[in-house]
Number of protein chains: 2
Amino acid sequence: MTITIRDVARRAHVSVATVSRALSSPDLVRPDTRSRVLAAATELGYQPNRAARGLITGKTGNIGIVVPDLDNPFFTGILKAVQTRAAQADYAVFVADSDEDPVAEAKLVRAMAKQVDGLLLCSPGVTDPQIVLAADTAPLVLLNHRLAGVPSTVMDGADGLRQVVAHLVALGHSRIAYLTGPRTAWANSERRRGLAAAVADHRVDLVELGPFAPRYEGGLQAADLALAADVTAIMAYNDVMALGVLARLRDRGVSVPDDVSVTGFDDLTYASLTAPALTTVAMPLATAGRTAVNMLLDWLDTTGEPAPHITLPTQIIVRGTTAPPPGGA
Amino acid sequence: MTITIRDVARRAHVSVATVSRALSSPDLVRPDTRSRVLAAATELGYQPNRAARGLITGKTGNIGIVVPDLDNPFFTGILKAVQTRAAQADYAVFVADSDEDPVAEAKLVRAMAKQVDGLLLCSPGVTDPQIVLAADTAPLVLLNHRLAGVPSTVMDGADGLRQVVAHLVALGHSRIAYLTGPRTAWANSERRRGLAAAVADHRVDLVELGPFAPRYEGGLQAADLALAADVTAIMAYNDVMALGVLARLRDRGVSVPDDVSVTGFDDLTYASLTAPALTTVAMPLATAGRTAVNMLLDWLDTTGEPAPHITLPTQIIVRGTTAPPPGGA
DNA sequence: CTGAAAGCGCTAACAG
DNA sequence: CTGTTAGCGCTTTCAG
């Protein structure tokens with residue numbers, strides 16, 4: 001039923017070897033032979049079996065990406081760019097959603113490892129030893145996580161948060177809450193690093209709350225705690241959490257930004273749709289996805305080179321949820 | 001480097017055939033032989049090569065899903081459930097984003113077809129002839145699109161829109177706009193069908209506008225047209241579009257729901273975060289994704305049976321963007 | 001430049 | 001119950 005290289009060979013009156021060459025290394029066959037083969041192939045609607053090819057070349061033409069939550073637009077923003085770039089390079093992409101579960105993650109990585117040429121790991125929660133283990137299984141590129149020896153593409157969250165603090169201080173805030181994300185998340189440590197630096201520079205009181213789940217519900221929970229901490233500004237770990245904060249504040253009759261300022265992180269499309277619109281930090285998701293794929297593809301035919309690292313800049317986007325504190329600046 | 005079935009065989013002092021059997025049909029080997037093999041396999045960290053297995057069994061253990069836009073939470077909601085259910089059944093999933101381009105879609109389907117056991121098509125824009133063509137390439141299940149002869153899982157959009165009209169009529173609206181989505185989308189025709197029925201039942205004036213892009217920008221554009229049409233209620237094709245409508249109305253100083261009511265479709269998480277929260281129709285995304293995978297898996301080892309179709313119920317979610325029209329009910 | 005032949009890692013008859 | 005053997009569809013030496 002399914003048509004193979006032999007069918008093409010027969011139709012073009014050549015050997016299977018010639019068909020193979022005509023398709024993969026066109027310059028190894030005489031032009032007219034090649035065109036005869038190509039013609040036969042299209043007439044028959046021939047599609048090479050990638051699995052069979054992979055068996056011998058050791059290349060599958062697939063890459064995999066594991067993300068912690070496909071419901072979070074942050075990760076799908078990356079995924080979209082990854083898919084697009086991969087398709088251009090004629091790679092297919094496997095997705096796996098670990099549901100924020102490190103154990104599931106490790107399992108998924110192992111399962112995928114055999115059927116891909118390389119893996120993109122976009123999992124805040126994964127630990128360094130796990131990564132080292134995974135890197136043994138398949139070529140790996142880390143997204144938003146940095147580790148010596150493993151190539152990585154990261155977005156500069158530390159600087160993003162530094163910009164946020166500077167913005168808030170400029171508005172006159174002096175007591176600010178930071179809603180911490182998952183403690184094990186590399187991105188979270190990064191942001192706290194930026195935060196510590198910014199706080200030292202500006203002499204503001206920082207109240208660190210959490211950790212909270214980096215989701216809507218986490219924000220709901222965090223809002224009450226932040227309010228009790230008597231701050232005039234709340235910096236959430238990410239936009240989704242900030243939306244939860246906003247919703248909870250609205251329910252409690254607290255006005256944003258008049259009573260309290262709120263900031264997010266990620267600049268998700270939907271975050272700008274709140275009223276007032278959310279002040280946040282734009283993350284170059286598409287660039288990151290594209291860059292990570294490029295890096296992985298390069299990494300595949302590289303040996304002995306040191307692992308590349310790239311840091312993409314982030315940018316605060318000031319909108320309506322930040323204003324001077326109630327008492328005036 | 002990579003360890004094969006032979007290594008396991010050697011270590012367990014059996015033939016490769018026995019190893020193969022111990023792994024795939026455990027009851028065909030004596031218990032103690034089996035445990036010896038299993039032990040050897042785990043000691044060596046053996047992972048069968050799925051491609052090689054697939055070459056002979058004709059099964060890849062992969063399924064593919066094509067969606068028009070990974071940035072739209074509607075599709076990723078489905079994708080998440082698909083991924084989860086597939087993983088449970090020990091299938092890996094390929095994603096492809098067609099970017100709403102029918103040509104790209106066809107290409108993606110063809111490219112994936114060879115390396116999957118079956119395909120989920122979740123593409124509003126694909127035409128029936130294209131589907132028939134695709135169904136020839138690989139076992140197919142349609143998501144939110146119905147076509148005789150091809151299994152499908154759909155969500156009852158017609159009934160959803162009927163519920164919306166009934167809700168609006170009950171509030172006292174008599175002149176309502178519907179913002180049409182892509183003309184070729186099956187879901188759109190379905191909704192228009194429900195709409196026509198509801199309109200006939202309730203004797204309301206229906207103004208059909210569009211088609212618009214089913215995105216935020218489409219809503220921005222549609223809002224002005226709807227306002228000019230002098231309606232008291234606007235039903236958007238989906239939530240994302242409704243968010244665009246809301247934003248544009250806010251910018252123009254039109255109050256929702258006092259001046260005009262707005263409804264969405266899909267019940268995306270982020271849609272409930274507008275102020276006021278969006279009245280919309282809940283779609284059983286997770287159920288649909290899960291069901292579609294189950295259907296595909298069943299369909300794979302089925303022959304001659306008629307193609308199953310399932311329709312999942314939808315439910316209007318009344319929130320804050322709908323109210324009686326300005327003049328009173 | 002082209003063909004014949006030897007596998008890639010695995011499973012499926014077919015014998016024992 | 002287990003081993004031997006023959007491929008799945010393809011690429012890649014190695015000879016012509």
> For the pair made of CG in Leu44(B) and P in dG9(C), what is the distance, rounded to whole Å?
Replying inline: 14 Å

> Ile56(B) CD1 to dC8(D) P: how many Å, rounded?
Replying inline: 9 Å

Does OP1 or OP2 of [N] have a side-chain N or O of [X] closer than 4.0 Å?
| X | N | value |
| --- | --- | --- |
| Thr4(A) | dC8(D) | no |
| Thr57(B) | dT11(C) | no |
| Ser24(A) | dT11(D) | yes |
| Arg30(B) | dT2(D) | yes |

> Between dG3(C), dT4(D), dC10(C), which one does the side chain of Val14(A) approach most closely?
Replying inline: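 Nearest listed nucleotide: dG3(C).
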
>> If you apply the rule salt bridge (charged side-chain N to carboxylate O under 4.0 Å, His left out), what do you find for Arg146(B) with Asp128(B), and how did you get there?
In response: CA-CA 9 Å; Arg146(B) 171 157 296 173; Asp128(B) 289 359; over 6 Å; no

> Nearest nucleotide by nearest heavy atom, which residue falls closer to the 5' end of DNA chain C, Asp32(A) or Val16(B)?
Replying inline: Asp32(A)

> Pick the nucleotide of DNA chain D nearest each of Val29(B) and Ala52(B); which residue has the one closer to the 5' end?
Replying inline: Val29(B)

> Mapping Leu55(B) and Ser15(B) onto DNA chain D by nearest heavy atom, which one lands closer to the 5' end?
Replying inline: Ser15(B)

>> So Ser20(A), base contact, sugar-phosphate only, or nothing? Heavy-atom distance under 4.0 Å.
In response: base

> Counting any heavy atom closer than 4.0 Å, what does Arg21(B) reach on the DNA or RNA strands: base, sugar-phosphate only, or nothing?
Replying inline: base

> When you look at Asn188(B) and Arg183(B), which way does the side-chain hydrogen bond (donor to acceptor under 3.5 Å, both in side chains) test go after all the steps?
Replying inline: CA-CA 7 Å; Asn188(B) 190 51; Arg183(B) 193 152 272 151; over 6 Å; no

> Ion pair present between Asp69(B) and Arg215(B), side-chain N to carboxylate O less than 4.0 angstrom?
Replying inline: yes

> In terms of side-chain heavy atoms, does Thr60(A) have a donor or acceptor partner in Gln115(A) at a distance below 3.5 Å?
Replying inline: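 Judged by distance alone, the side chains do not pair up.
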
